[in-house]
Q: 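The structure under discussion is supplied below as structure tokens; questions concerning it will follow.
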Protein chains: 2
Amino acid sequence: MVRAGERAYAALLEEIQTGSLPPGTVLGEVEQAARLGVSRTPLREALRRLIADGLVVQQSPRVLVVSGFDVADIRALFEARRAFEETAARIAASRGDLAEFRELAAAFGDADPGDDASVDAYYALIERFDAAIDAAVANPYLTSALRTVRTHLARARRLARDNDARLRASVSEHRLIAAAIADGDAELAAHATHVHLHHALAAILTSLSEGTP
Amino acid sequence: MVRAGERAYAALLEEIQTGSLPPGTVLGEVEQAARLGVSRTPLREALRRLIADGLVVQQSPRVLVVSGFDVADIRALFEARRAFEETAARIAASRGDLAEFRELAAAFGDADPGDDASVDAYYALIERFDAAIDAAVANPYLTSALRTVRTHLARARRLARDNDARLRASVSEHRLIAAAIADGDAELAAHATHVHLHHALAAILTSLSEGTP
DNA sequence: AGCATGCCTTATGTATACAGTAGGTCGCAC
DNA sequence: GTGCGACCTACTGTATACATAAGGCATGCT
């Protein structure tokens, strides 16, 4: 039996990330507790965690709402990602598991997100890459910051669906980053990360501007 | 009437930061709730927040302890600080309130931590500097990361008390950083921050090695 | 004598009852 | 008719009762 608080957190996190609970949605304790089939106590715990994550904010002293997420937030998110991920890439190149990143570089080389079915494989690869980065940095302060931005990045992905061309380019960019880390080239790893984030942000902003002309 | 959960969090935070609750201390819910004069419900909220802060960890499925904080953690903390604060300094130089940082540079110039009484004034100045940085970056993701490292930095300060010479040097370093930001010199601000963090870490490590020979 | 197993204690996890406050609405007065 | 005020409702904040599981100790078996 998993804990009820965990289930409530996972459910709300998923719903906020996918947009099922849009920004501004009021999260009443009794209402959400009834909906998720848990008591108020574990639900409160879930809400507190979501507040700590920045996905829920206190609109007024006693009303919690799903936090907003607009273009300005996306820009801020990527500004933070630059700081966190460039540093992480640099550190990984200095003291990461070179064999793992060599394998990742090869896997990114094989990946072909042109196939619809392999998009999932692509995201699985990204997840493995992120895990390798976390293991390499071995720094709870940095890892925690990375975890937070990834949580919010999921919302950005939802807002702006990647197209095939962008996914293919992203794979290529990740291959370069992984290869640079495997070669112990910290500068290249950091700058390749910067370039990747630039393209990723540009793609998202373009997708958004096309979606709402 | 402030909320009980807030009081419990503030009390435990203070006690952990000052070392009154040393690392490894088991935090039983009923025990702490009774000690702090609150019920288990708000106490649990406080513990969850401390876990999110990284000041409390789950040792086993059902026992919470005050997290450890050793030399390795301090090194990791400063590694993260480099990433976060250099970026923050760079951003502040680009779009901060130049007048405020000009004032701060002047205030750091006047500060004289040689006086015992003015040590508090020094820390108040640091607090104002941090607030100015937060306002300048205006990025919740980065600000949140900065808040976390400051929370842990308080523990490091407790472990290694600064001496007068170090405080004087720190004031001078902050004056340079503030002046660089006021001049809009992002590169100097970032590098001066790097230098400051290097000296601060070195002073802490020296103090620790002297304390435990 | 040592180890394993089962029970018991005590903790956390959960649910619910109780209290207080904030916000809304209705009514009255100007 | 509009504005102010009081009451009322319904929510959060808090406390406590109940369920459940984990860990320790004791006892019995090998």
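Every chain is numbered from 1 and lettered A, B, ... according to where its sequence line falls, protein lines coming before strand lines. Source: prediction; values computed, not measured.
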Q: Can you list everything that forms a salt bridge (Lys or Arg N to Asp or Glu O under 4.0 Å) with Asp130(B)? Sequence neighbours excluded, please.
A: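 Here the qualifying residues are Arg150(B).
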
Q: Once salt bridge (charged side-chain N to carboxylate O under 4.0 Å, His left out) is applied, what residue pairs with a partner in residues 14-25 of chain A remain, sequence neighbours excluded?
A: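 Checked against salt bridge (charged side-chain N to carboxylate O under 4.0 Å, His left out) - neighbours excluded - the pairs reaching residues 14-25 of chain A are Glu15(A)-Arg35(A).
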
Q: Can a donor-acceptor pair be found between the side chains of Arg155(A) and Ser67(A) at a distance below 3.5 Å?
A: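 Result is yes, a qualifying pair exists.
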
Q: With Arg90(A), which residues qualify under side-chain hydrogen bond (donor to acceptor under 3.5 Å, both in side chains), at least two apart?
A: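 Checked Arg90(A) against side-chain hydrogen bond (donor to acceptor under 3.5 Å, both in side chains); matches are Glu187(A).
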
Q: Taking atom P of dA22(D) as reference, at what distance in whole Å does atom CD of Gln59(B) sit?
A: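 After rounding, the gap between these two atoms is 16 Å.
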
Q: Which residues pass the salt bridge (Lys or Arg N to Asp or Glu O under 4.0 Å) test with Arg147(B), sequence neighbours left out?
A: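 Here the qualifying residues are Asp53(B).
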
Q: Could you state the CG-P distance from Leu64(A) to dG23(C), rounded to the nearest angstrom?
A: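 Leu64(A) atom CG is separated from dG23(C) atom P by 13 Å.
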
Q: 5'-most contact on DNA chain C: Ser60(A) or Thr41(A), nearest heavy atom basis?
A: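 That would be Thr41(A).
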
Q: What is the separation between atom OH on Tyr9(B) and atom P on dG13(D), rounded to the nearest whole Å?
A: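 In whole Å, dG13(D) P lies 17 Å from Tyr9(B) OH.
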
Q: Sorted by first residue and then second, give each ring-ring contact (aromatic ring centres under 6.0 Å, His included) pair with at least one member in residues 136-158 of chain A; sequence neighbours left out.
A: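 Found Tyr141(A)-His152(B), His152(A)-Tyr141(B).
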
Q: What string of B, S and - do you get for nucleotides 6-13 of chain C, 5' to 3', when a contact is any protein heavy atom under 4.0 Å?
A: -----BBB

